[in-house]
Amino acid sequence: MARRNTNIYLTVFENLPINQTATRVAVEQRLEEIRHYRKIGFIRREAGITASYQPRYHGNTNLVSKPSEHLAISNVDREAELIRKSELLDKAMCCLSAVQREVIERSYLSREEEYDFISCGEMGISDRTYRRIKASALRILAVAMKLEVFEDEEPGRVREYAKCSNT
């Protein structure tokens with residue numbers, strides 16, 4: 001009897017208390033963000049130059065406001081962050097099988113918006129198999145991109161991993 005091909009990343013979902021729904025939402029949001037970045041690129045924010053006519057009742061703070069500088073720094077940081085996320089997705093996609101990669105590409109990353117039932121018909125697989133492949137691919141991507149949400153966490157919270165000291 002042949003051994004079933006299991007991905008090492010899927011064992012994380014079996015052994016840890018991971019919130020499946022919140023993890024799926026986090027991965028889908030990241031895929032959507034990367035799809036937008038790849039489709040239209042990075043849209044820079046611009047400084048507003050409209051004066052505010054509201055009175056300010058405070059004392060002299062001797063602080064200098066630099067909105068253009070802060071805006072330029074945030075634009076550069078955001079673009080670098082999107083590039084890093086895109087590269088991380090490319091590395092994570094290498095962990096998937098060819099069928100899983102095609103399902104993720106068709107569902108989330110392609111430029112054409114097409115429904116899943118059309119994609120599974122073109123691939124020659126049933127709808128149930130398509131959904132099963134998609135779910136396992138999303139789990140693998142969640143672990144590979146460190147987007148898994150544990151049961152005791154609230155969504156959107158950044159986890160800090162414990163550092164091991166070799167002393």
Side-chain angles (χ1 to χ4, degrees), residues 1-45 73-167:
M1 183 155 188
R3 194 175 128 238
R4 184 179 172 127
N5 186 9
T6 58
N7 194 312
I8 190 72
Y9 291 116
L10 291 179
T11 58
V12 172
F13 273 80
E14 297 168 0
N15 298 325
L16 295 174
I18 293 179
N19 185 342
Q20 304 252 347
T21 308
T23 300
R24 182 183 178 107
V25 168
V27 174
E28 287 177 345
Q29 286 176 349
R30 177 68 56 89
L31 289 170
E32 187 70 18
E33 179 183 22
I34 293 170
R35 185 180 70 82
H36 284 304
Y37 169 68
R38 290 180 178 178
K39 186 175 182 179
I40 60 174
F42 176 68
I43 299 174
R44 297 186 183 283
R45 292 177 41 208
I73 290 171
S74 68
N75 280 340
V76 170
D77 289 345
R78 179 71 177 139
E79 187 171 12
E81 178 186 356
L82 286 171
I83 291 170
R84 183 187 57 80
K85 287 178 180 179
S86 180
E87 290 172 353
L88 181 63
L89 176 65
D90 290 337
K91 289 179 184 177
M93 291 288 278
C94 292
C95 299
L96 301 175
S97 68
V99 176
Q100 289 173 334
R101 205 173 304 126
E102 184 177 358
V103 166
I104 293 297
E105 287 283 338
R106 285 175 175 265
S107 295
Y108 298 105
L109 300 175
S110 69
R111 292 187 182 270
E112 301 91 33
E113 304 283 330
E114 69 180 29
Y115 296 105
D116 286 348
F117 70 89
I118 295 173
S119 295
C120 65
E122 290 175 353
M123 292 176 66
I125 57 177
S126 68
D127 185 46
R128 182 176 179 190
T129 304
Y130 186 86
R131 284 186 280 123
R132 194 177 317 136
I133 291 169
K134 184 176 172 180
S136 66
L138 288 175
R139 286 188 207 118
I140 292 169
L141 288 176
V143 175
M145 294 190 302
K146 296 180 179 75
L147 293 174
E148 64 272 2
V149 178
F150 293 100
E151 292 290 338
D152 58 346
E153 291 182 359
E154 63 269 4
R157 187 177 139 223
V158 177
R159 272 187 317 280
E160 294 185 21
Y161 294 103
K163 294 181 181 178
C164 297
S165 60
N166 294 333
T167 58

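- Rounded to the nearest 0.5 angstrom, Met93 CE and Leu88 CG are separated by 12.0 Å.
- Among pairs with a residue in residues 87-96, those fulfilling side-chain hydrogen bond (donor to acceptor under 3.5 Å, both in side chains) read Arg38-Asp90, at least two apart in sequence or across chains.
- Separating the CZ atom in Arg101 from the CG atom in Leu109 is a distance of 12.0 Å, to the nearest 0.5 Å.
- If you take CD1 on Ile125 and CZ on Arg132, they are separated by 10.0 Å, rounding to the nearest 0.5 Å.
- Ser126 is linked by a side chain to side chain donor-acceptor pair (under 3.5 Å) to Thr129, counting only residues two or more places apart in sequence or in another chain.
- What you find for Thr23 and Leu147 is that their closest heavy atoms are CG2-O, 4.1 Å.
- Identified under the salt bridge (charged side-chain N to carboxylate O under 4.0 Å, His left out) test for residues 28-37, with sequence neighbours left out: Arg24-Glu28, Arg30-Glu33, Glu32-Arg35, Glu33-Arg78, Glu33-Lys85, Arg35-Glu113.
- Evaluation of the ring-ring contact (aromatic ring centres under 6.0 Å, His included) test over residues 74-99, restricted to residues two or more places apart or in two chains, returns none.
- Of the candidates Asp77, Leu82, Ile83, Ile83 is the only one forming a side-chain contact (heavy atoms from CB on, under 4.5 Å) with Glu79.
- To the nearest 0.5 angstrom, Cys94 atom SG is 9.5 Å from Leu89 atom CG.
- With respect to Val103, the side-chain contact (heavy atoms from CB on, under 4.5 Å) criterion is satisfied by exactly one of Leu138, Leu96, Ile133: Ile133.
- For Ser119, the side chain to side chain contact (heavy atoms under 4.5 Å, CB included) test picks out Arg106, Glu114, Tyr130, with sequence neighbours left out.
- Of all heavy-atom pairs between Glu148 and Ala142, the closest is OE1-O, 3.1 Å.
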For this session: Take Met123 and Val99 through the test side chain to side chain contact (heavy atoms under 4.5 Å, CB included) and record every step on the way to the result.
Result: CA-CA 9 Å; Met123 292 176 66; Val99 176; 4.2 Å; yes
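- Residues meeting the side chain to side chain contact (heavy atoms under 4.5 Å, CB included) test with Asn75, sequence neighbours left out: Phe42, Arg44, Arg45, Leu71.
- Expressed to the nearest 0.5 Å, how far OG of Ser107 lies from CD of Glu102 amounts to 10.0 Å.
- Among residues two or more places apart in sequence or in another chain, the side chain to side chain contact (heavy atoms under 4.5 Å, CB included) test is passed with Arg84 by Glu81.
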